[in-house]
Participant: 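The structure under discussion is supplied below as structure tokens; questions concerning it will follow.
Source: prediction; values computed, not measured. So you know, we letter chains A, B, ... as the sequences are listed, proteins then strands, and number each from 1.
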Number of protein chains: 2
Amino acid sequence: MARKAEFNMEQFFQALGDNTRLRLLNLMGEQEVCVCYFVEILDAPQPKISRHLAYLRKAGIVSARREGKWMHYRIVMPPHVGAMQILRQTLASLKEEKSMQADLARLTKACCAPAKYALEGAPIPASVTEPCCETC
Amino acid sequence: MARKAEFNMEQFFQALGDNTRLRLLNLMGEQEVCVCYFVEILDAPQPKISRHLAYLRKAGIVSARREGKWMHYRIVMPPHVGAMQILRQTLASLKEEKSMQADLARLTKACCAPAKYALEGAPIPASVTEPCCETC
DNA sequence: CGGTCATATTCGTCAAAGCGTATACATTTC
DNA sequence: GAAATGTATACGCTTTGACGAATATGACCG
């Protein structure tokens with residue numbers, strides 16, 4: 001039985017071949033992140049963020065979850081074993097870049113949830129039940 | 001001392017985001033390969049092969065060596081540690097795809113050198129001194 | 001139910017990149 | 001040096017994708 005799902009390497013790498021998307025993936029890392037944080041931290045127009053998230057979703061790299069008005073995105077590991085390892089290695093490499101570290105630092109201090117995300121590193125934190133405050 | 005060279009992740013992934021280039025990289029694997037073999041095995045117009053090789057060269061993933069009329073290309077591991085591991089993992093994953101295995105099989109049987117490449121797996125085979133025959 | 005907020009999509013534009021064809025360049029051979 | 005061979009580049013065309021601006025959708029709130 002062929003357990004290995006059909007996986008499009010070409011599309012996978014194309015999805016990784018954009019700096020905005022790499023920044024988004026770095027911000028997600030192990031945790032679910034609300035779109036409003038992406039907009040704030042990347043300091044980019046909201047449609048741009050949304051489009052790149054849609055691109056990642058179509059490539060099967062992230063998944064979305066709605067919670068009231070807010071959308072939360074998280075990384076979903078590809079079924080393809082090799083792609084999964086590549087993605088893990090990519091995330092690890094991103095974390096070593098200074099600009100990516102700066103993004104992450106801004107996430108922990110962002111908006112009204114300075115430590116909420118930083119302290120809980122669960123992959124799918126149901127803990128994040130209040131995604132935003134009055135300013136976000 | 002910052003040993004880590006400036007590396008463009010975005011450009012790196014863009015270079016991997018094309019199936020023709022993935023096929024070329026798979027064919028190179030550990031060994032140097034002559035352009036004429038690429039053209040024969042991918043069954044593609046020679047300018048197309050040449051353009052993709054130039055793209056990979058600009059991205060710093062392959063290097064070229066001239067030998068008479070013939071050009072030999074080989075993979076050069078990126079200075080960036082993470083990128084190197086990603087590239088290794090990518091090559092390993094490619095080898096598991098049937099179409100890529102078929103390409104490699106055609107390389108070993110290609111032209112007039114059925115076993116020359118298959119038997120010697122040295123990374124930079126100086127052994128390949130006669131790259132082509134009358135048909136290639 | 002109308003308004004507001006968060007997010008997604010559409011539209012038009014522009015740059016990047018893939019392709020086939022033709023041509024240029026480099027090397028060998030005669 | 002002229003022809004032949006292997007490879008690279010230029011050109012025009014088409015597709016893809018990134019972008020900003022505008023608009024649509026979906027959920028909450030009064």
Side-chain angles (χ1 to χ4, degrees), chain A residues 8 10-24 32-59 62-74 110-113 128-136, chain B residues 8 10-24 32-59 62-74 110-113 128-136:
Chain A
N8 191 341
E10 186 181 24
Q11 185 189 27
F12 176 68
F13 283 123
Q14 282 172 353
L16 298 180
D18 179 278
N19 199 255
T20 299
R21 291 195 287 269
L22 289 177
R23 288 179 76 187
L24 291 173
E32 210 175 33
V33 177
C34 175
V35 171
C36 58
Y37 287 100
F38 292 136
V39 173
E40 177 176 344
I41 291 167
L42 297 201
D43 193 28
Q46 173 268 325
K48 171 174 173 177
I49 301 294
S50 197
R51 266 184 271 121
H52 281 292
L53 287 171
Y55 195 111
L56 287 172
R57 191 157 21 94
K58 256 192 293 188
V62 305
S63 69
R65 180 178 67 88
R66 175 174 286 278
E67 183 172 321
K69 301 190 281 194
W70 297 283
M71 293 291 287
H72 299 262
Y73 281 80
R74 67 183 175 86
C111 198
C112 54
V128 188
T129 50
E130 307 177 73
C132 293
C133 65
E134 75 283 352
T135 57
C136 179
Chain B
N8 191 342
E10 186 180 22
Q11 185 189 29
F12 176 69
F13 283 123
Q14 282 173 354
L16 297 181
D18 180 278
N19 198 255
T20 299
R21 291 195 286 269
L22 289 177
R23 289 179 76 188
L24 292 173
E32 210 176 33
V33 177
C34 175
V35 170
C36 58
Y37 285 101
F38 293 136
V39 173
E40 178 175 345
I41 291 167
L42 297 201
D43 193 26
Q46 173 267 326
K48 171 174 173 176
I49 301 294
S50 198
R51 267 184 271 122
H52 281 293
L53 287 170
Y55 196 111
L56 287 171
R57 190 157 21 94
K58 257 193 292 188
V62 305
S63 69
R65 180 178 65 90
R66 175 175 286 279
E67 183 172 320
K69 301 190 281 193
W70 297 283
M71 293 291 287
H72 299 261
Y73 281 81
R74 66 183 175 88
C111 199
C112 55
V128 188
T129 48
E130 308 177 73
C132 294
C133 65
E134 75 280 356
T135 58
C136 178

Participant: D:dA18 C1' sits how many Å from A:L24 CG, rounded?
Facilitator: 14 Å
Participant: Work out which heavy atom in B:I49 is nearest to a heavy atom in B:A44; give both atom names and the distance.
Facilitator: CD1-CB, 4.0 Å
Participant: Counting the atoms with a prime plus P, OP1 and OP2 as sugar-phosphate, which does B:Y73 contact under 4.0 Å by heavy atoms, base, sugar-phosphate, or nothing?
Facilitator: sugar-phosphate
Participant: For the atom pair CG (B:L24) and OH (B:Y37), what is the distance rounded to the nearest 0.5 Å?
Facilitator: 15.5 Å
Participant: Pairs under 3.5 angstrom, nitrogen or oxygen only, protein versus nucleotides 21-25 of chain C, please.
Facilitator:
none

Participant: Hey, does the side chain of B:H52 come within less than 4.0 Å of C:dA17's phosphate (OP1/OP2), counting only N and O?
Facilitator: no
Participant: So how far is it from B:K48 NZ to B:L42 CG, rounded to the nearest 0.5 Å?
Facilitator: 8.0 Å
Participant: Could you tell me the separation between the CG atom of A:L16 and the P atom of D:dA18, rounded to a whole number of Å?
Facilitator: 12 Å
Participant: Counting side-chain heavy atoms from C-beta on, which of C:dT9, C:dG18, D:dC19 comes nearest to A:T20?
Facilitator: D:dC19
Participant: May I have the distance from B:L53 (atom CG) to D:dT7 (atom P), rounded to whole angstrom?
Facilitator: 10 Å
Participant: Are the side chain of A:R21 and the backbone N or O of A:Q14 linked by a donor-acceptor pair below 3.5 Å?
Facilitator: yes
Participant: Measure from CD on B:E10 to C1' on C:dA17 and round the result to the nearest Å.
Facilitator: 14 Å
Participant: Drop me the distance from A:Y73's OH to A:L53's CG, to the nearest 0.5 angstrom.
Facilitator: 5.0 Å
Participant: CD1 of A:I49 versus P of D:dC19: gap in Å, rounded?
Facilitator: 9 Å
Participant: I want to verify a distance call: between C:dA17, D:dA8, C:dT7, whose nearest atom is closest to the B:Q14 side chain?
Facilitator: C:dA17
Participant: Separation of A:R65 atom CZ from D:dG26 atom P, in whole Å?
Facilitator: 19 Å
Participant: Side chain of A:D18 only, heavy atoms from C-beta on: which candidate in C:dA8, D:dA18, D:dT7 is closest?
Facilitator: D:dA18
Participant: Got B:H72 and B:E67 here, is their nearest side-chain heavy-atom distance under 4.5 Å?
Facilitator: yes
Participant: Examine distances only and state if a side-chain atom of A:R66 and a backbone atom of A:G68 form a donor-acceptor pair shorter than 3.5 Å.
Facilitator: yes
Participant: Find the distance A:Y37:OH to C:dT7:P and express it as a whole number of Å.
Facilitator: 10 Å
Participant: Which nucleotide, D:dA18, C:dA6, C:dT27, lies nearest any side-chain atom of B:R66?
Facilitator: C:dT27
Participant: Atom CG of A:L42 to atom P of D:dA18: distance rounded to whole Å?
Facilitator: 14 Å
Participant: Counting only side-chain heavy atoms from C-beta out, which of C:dC5, D:dA18, C:dT7 sits nearest to A:K69?
Facilitator: C:dC5
